[in-house]
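A, B, ... follow the sequence lines: proteins, then strands. Residue 1 opens every chain. Because the structure is predicted, anything quoted here is derived from the model rather than measured.
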Amino acid sequence: MEVRVRFAPSPTGALHIGGVRTALFNYLFAKKMGGKMLLRIEDTDQKRFVPGAEEYIIESLKWVGIHIDEGQGVGGPHAPYRQSERKEIYQKYVQQLLGEGKAYYAFDTDVELEAMRQRLKAAGAANTSYNALTRTQMRNSLTLNEDQTKQLIDAGTPYVIRIKVPMKEEIRFKDLIRDWVVVHANTLDDKVLMKSDGLPTYHLANIVDDHLMQITHVIRGDEWLPSAPLHILLYKFLGWEAPQFAHLPLILKPDLLDEKGKIIEERHGKLSKRDADEMGFPIFPLTWNGTNADGEDITSVGYREAGYYKEALINFLALLGWNDGTDKELFSLDELIDSFTLGRIHKTGSKFDIRKAKWFNQHYLRQKPDSELADGLVNALQQKSIPCSQEKANKIVHLMKERVTFPQEIHEQTEFLFQEPAVYEEAVVQTKWNQEAVTLLTAFKDELVTITEFNAETAKATLHTVLEKAGVKIGKVMPALRLALTGAGHGPDLMQIMDILGKEETSNRIKKAIDKLVVIG
RNA sequence: GGUCUAUUCGUCUAGGGGUUAGGACGCAUCCCUUUCACGGAUGAAACACGGGUUCGAUUCCCGUAUGGACUACCA
């Protein structure tokens, strides 16, 4: 049988990084098994619908390289793939359950439900849910007779349809990650299947669609594990064979760290946008400018825009809760597909550590061809109206590639190549700008004129000549030269910098620094 | 509170009845170097605790502690 998996997000905002990992694991498994990956949009909660979220999800998956074989955005034999467009389908199956006495109408209002919970709580009950015990006290088609029920419905009284969970039954299934899960039906409650607005809840819609769309493996977040027994029961009630389940461990929030990486405060729980914001890393794959499910406006920079490569993100995410059993840590998407097995996924959540993601990014940046980095640099400079030749861009990339983690750092850290220093780092002036250095720099500047072909080598040779003549070591002048040229005390190779700056500019900057800076010692 | 579940360096993890408990990120030191990075070398750093079972337990069993998920007409 062909493996068919699905990624089924609800369009309640931008796709969370955890969702990306769930999609990734689904994709890896599908590809590994030679199967298909479906995308279904679970938009049964109209209140939390966020415009643009669906497009965002599709674009995000595309960016990370997860290819959808069937579903929303690409179509397929089981369309529509948006649950809000499948209302009648669910209706049919609830009617079936109702007819077979496996579900019932419930007319209880919010107030009545709350009163029930309060009453139970006051009585010291451990369980305050709507279940096989409490349903006998409530206003539903089980306690009301047929005429009363019909009257209420005909009068337009709002109602929901609940599943009638059996009293005595052991529900068990074998999860591909968690192994056997066994639960007694008496711990389950009579979950709402159909809401009063006529749309199904996740539980019903999910089972119906997974069955109709011939899903063979349900790979989803761990937060669904507690309701999995209910889903198994539903499959049984509908007379269907349940798919295989695999519940993925959650991504947990990191501890709060200071700049040195020391723990300021231990943090626990699943990773949220709040945590990411506070600790300064992205939570969404792409930048999101929109609302969240609560209707609040949000702007949040994505991994892509922050300079993360998709290769790095995927590699990092895949290794959060999974490994291939060897010491291998660097995986391309194809290699991940090749070595992926659900059995090697952990049962327990893992803390998110952005420092590891950065390390992956640095690695993948170095894998990039210089030309790609140079093009990016030229583009970035163009946006600031700074002209830069291809040749110069190549030199800068060569200078910076091994020094940065993100591509944008190449231009952020080389502003001095396009602009003479406005300020000189005070600490360096104090300690390194002395009479000896100034004398040497003056000599070097004067000697510069004689160079016909100016480049890193000739500049270096010239500098050495000057130093030899004066009988001084190179360390005497380098900090001062760097200061004059860049305004800073440290940075990339100075000879290369002079090369990129050119003879004129190098000479000018030395002259300016000598004019501007006061000699202390 | 209830249901389910987990626990190896700070973090991600390998391993599994007998190991010097391995790797990676991060951290520290040294080397390279004109500086800062990069790179190289080295180092500090872990089997939650208590009982069993066993010749032997970090590994198996039971408790305890702690962590996690869920406990909506949200998904």
>> Between B/rU8 and B/rA48, how many Å separate the two P atoms, rounded to a whole number?
In response: 6 Å

>> Say we look at B/rU19 and B/rC47: how far apart would their P atoms be, to the nearest angstrom?
In response: 16 Å

>> It should be established whether A/Ser350 places a side-chain nitrogen or oxygen under 4.0 Å from OP1 or OP2 of nucleotide B/rU13.
In response: yes

>> Check whether A/Phe352 forms a cation-pi arrangement with A/Lys253 (NZ or CZ under 6.0 Å from the six-membered ring centre, at most 45° off the ring normal).
In response: no

>> I want to confirm an ordering. Mapping A/Gln362 and A/Lys262 to their closest nucleotides on RNA chain B, which one lands closer to the 5' end?
In response: A/Lys262

> Using atom P of each nucleotide, how far apart are B/rU66 and B/rG52 to the nearest Å?
Replying inline: 23 Å

> Does a side-chain N-to-carboxylate-O contact under 4.0 Å join A/Arg40 and A/Asp210?
Replying inline: yes

> Any idea which of B/rU3, B/rA6, B/rG67 is nearest the A/Thr348 side chain?
Replying inline: B/rA6

>> For A/Trp322 and A/Phe340, I'd like to know if the aromatic rings sit close, meaning centre-to-centre distance below 6.0 Å.
In response: yes

>> In whole Å, I'd like the distance from the CD1 atom of A/Ile251 to the C1' atom of B/rG67.
In response: 17 Å

>> So if I take residues 175-186 of chain A and measure heavy-atom distances to RNA chain B, which residues fall below 4.0 Å?
In response: A/Arg178

> In whole angstroms, how far is the C1' atom of B/rU35 from the CD atom of A/Gln413?
Replying inline: 14 Å

>> Regarding A/Arg267, tell me which of base, sugar-phosphate or nothing describes its non-hydrogen contacts under 4.0 Å with the strands shown.
In response: nothing

>> Between B/rC9 and B/rC4, how many Å separate the two P atoms, rounded to a whole number?
In response: 27 Å

> For the pair made of CD in A/Glu412 and P in B/rA37, what is the distance, rounded to whole Å?
Replying inline: 18 Å

> Do the non-hydrogen side-chain atoms of A/Phe107 and A/Met138 ever get within less than 4.5 Å of each other?
Replying inline: no

> What about the rings of A/Tyr202 and A/His231, do their centers lie closer together than 6.0 Å?
Replying inline: yes

> What string of B, S and - do you get for nucleotides 69-75 of chain B, 5' to 3', if B is base contact, S is sugar-phosphate-only contact and - is no contact with any protein heavy atom under 4.0 Å?
Replying inline: SS--BBB

> Are any side-chain N or O atoms of A/Thr109 and backbone N or O atoms of A/Glu112, one a donor and one an acceptor, separated by less than 3.5 Å?
Replying inline: yes

> Side chains of A/Arg482 and A/His490: is there a donor and an acceptor less than 3.5 Å apart?
Replying inline: no

> Of all the choices, B/rC38, B/rG10, B/rA24, which nucleotide is nearest to the side chain of A/Lys356 once you look at every atom?
Replying inline: B/rA24

>> My understanding is that a pair needs two contacts under 3.5 Å, Watson-Crick or G-U wobble. By that rule, which nucleotide pairs with B/rU7?
In response: B/rA65

> With respect to the side chain of A/Asp493, which nucleotide from B/rA6, B/rU34, B/rA24 is positioned closest?
Replying inline: B/rU34

>> Please classify the nucleic acid contact of A/Gly475 as base, sugar-phosphate, or nothing, using heavy-atom distances under 4.0 Å.
In response: nothing

>> When the C1' atoms of B/rC49 and B/rA44 are compared, how many Å lie between them, rounded to an integer?
In response: 25 Å

> B/rU13 P sits how many Å from A/Lys351 NZ, rounded?
Replying inline: 12 Å

> Is the distance from OP1 or OP2 of B/rA24 to the nearest side-chain N or O of A/Arg355 less than 4.0 Å?
Replying inline: no

> Under the criterion side chain to side chain donor-acceptor pair (under 3.5 Å), which of A/Asp45, A/Asp209, A/Asp43, A/Asn206 is the partner of A/Gln83?
Replying inline: A/Asp209

>> Once side-chain hydrogen bond (donor to acceptor under 3.5 Å, both in side chains) is applied, do any residues pair with A/Thr348, and if so which ones, sequence neighbours excluded?
In response: none

> Base, sugar-phosphate alone, or nothing: which one does A/Pro254 contact when heavy atoms must sit under 4.0 Å apart?
Replying inline: nothing

> Please give, in whole Å, the distance from B/rU34 P to A/Arg482 CZ?
Replying inline: 11 Å

>> Taking the P atom in each of B/rA45 and B/rC61, what is the distance between them to the nearest angstrom?
In response: 31 Å

> What is the pairing partner of B/rA57, taking Watson-Crick or G-U wobble pairs with both distances under 3.5 Å in any strand?
Replying inline: none

>> Does a side-chain N or O of A/His346 approach OP1 or OP2 of B/rA14 to a distance below 4.0 Å, or not?
In response: yes

> Does the cation-pi check pass for A/Lys328 over A/Phe331, that is, NZ or CZ under 6.0 Å from the six-membered ring centre and within 45° of its axis?
Replying inline: yes

>> Looking at A/Asn323, I'd like to know whether one of its side-chain N or O atoms comes within less than 4.0 Å of OP1 or OP2 on B/rA14.
In response: yes

> Does A/Arg366 place a side-chain N or O at less than 4.0 Å from the phosphate oxygens OP1/OP2 of B/rG39?
Replying inline: yes

>> With a 3.5 Å limit on both atom pairs, tell me what B/rU19 is paired to, counting Watson-Crick and G-U wobble, or say none.
In response: none

>> Taking any heavy-atom pair under 4.0 Å as a contact, classify A/Leu320: base, sugar-phosphate, or nothing.
In response: sugar-phosphate

>> Rounding to an integer number of Å, can you tell me how far A/Tyr130 OH sits from B/rG2 C1'?
In response: 20 Å

>> For A/Met498, run the side-chain contact (heavy atoms from CB on, under 4.5 Å) check against A/Asn455, A/Thr458, A/Leu481 and tell me which one passes.
In response: A/Leu481

> Taking atom P of B/rC4 as reference, at what distance in whole Å does atom NZ of A/Lys174 sit?
Replying inline: 19 Å

> How long is the span from the CE atom in A/Met279 to the CG atom in A/Leu256, to the nearest 0.5 Å?
Replying inline: 5.0 Å

> With both distances under 3.5 angstrom, what nucleotide forms a Watson-Crick or G-U wobble pair with B/rG1?
Replying inline: B/rU71

> Taking the six-membered ring where the residue is Trp, are the ring centres of A/Phe173 and A/Phe245 under 6.0 Å apart?
Replying inline: yes

>> In whole Å, I'd like the distance from the CG atom of A/Leu319 to the P atom of B/rC12.
In response: 12 Å

>> Any strand counts, and the cut-off is 3.5 Å on both contacts for Watson-Crick or G-U wobble. Which nucleotide pairs with B/rU35?
In response: none

>> Using atom P in both nucleotides, what's the gap between B/rA6 and B/rU20 to the nearest angstrom?
In response: 31 Å

>> Please give the distance between the C1' atoms of B/rA57 and B/rG18 as a whole number of Å.
In response: 9 Å

> How is A/His247 classified with respect to the nucleic acid when contacts are heavy atoms under 4.0 Å: base, sugar-phosphate, or nothing?
Replying inline: nothing

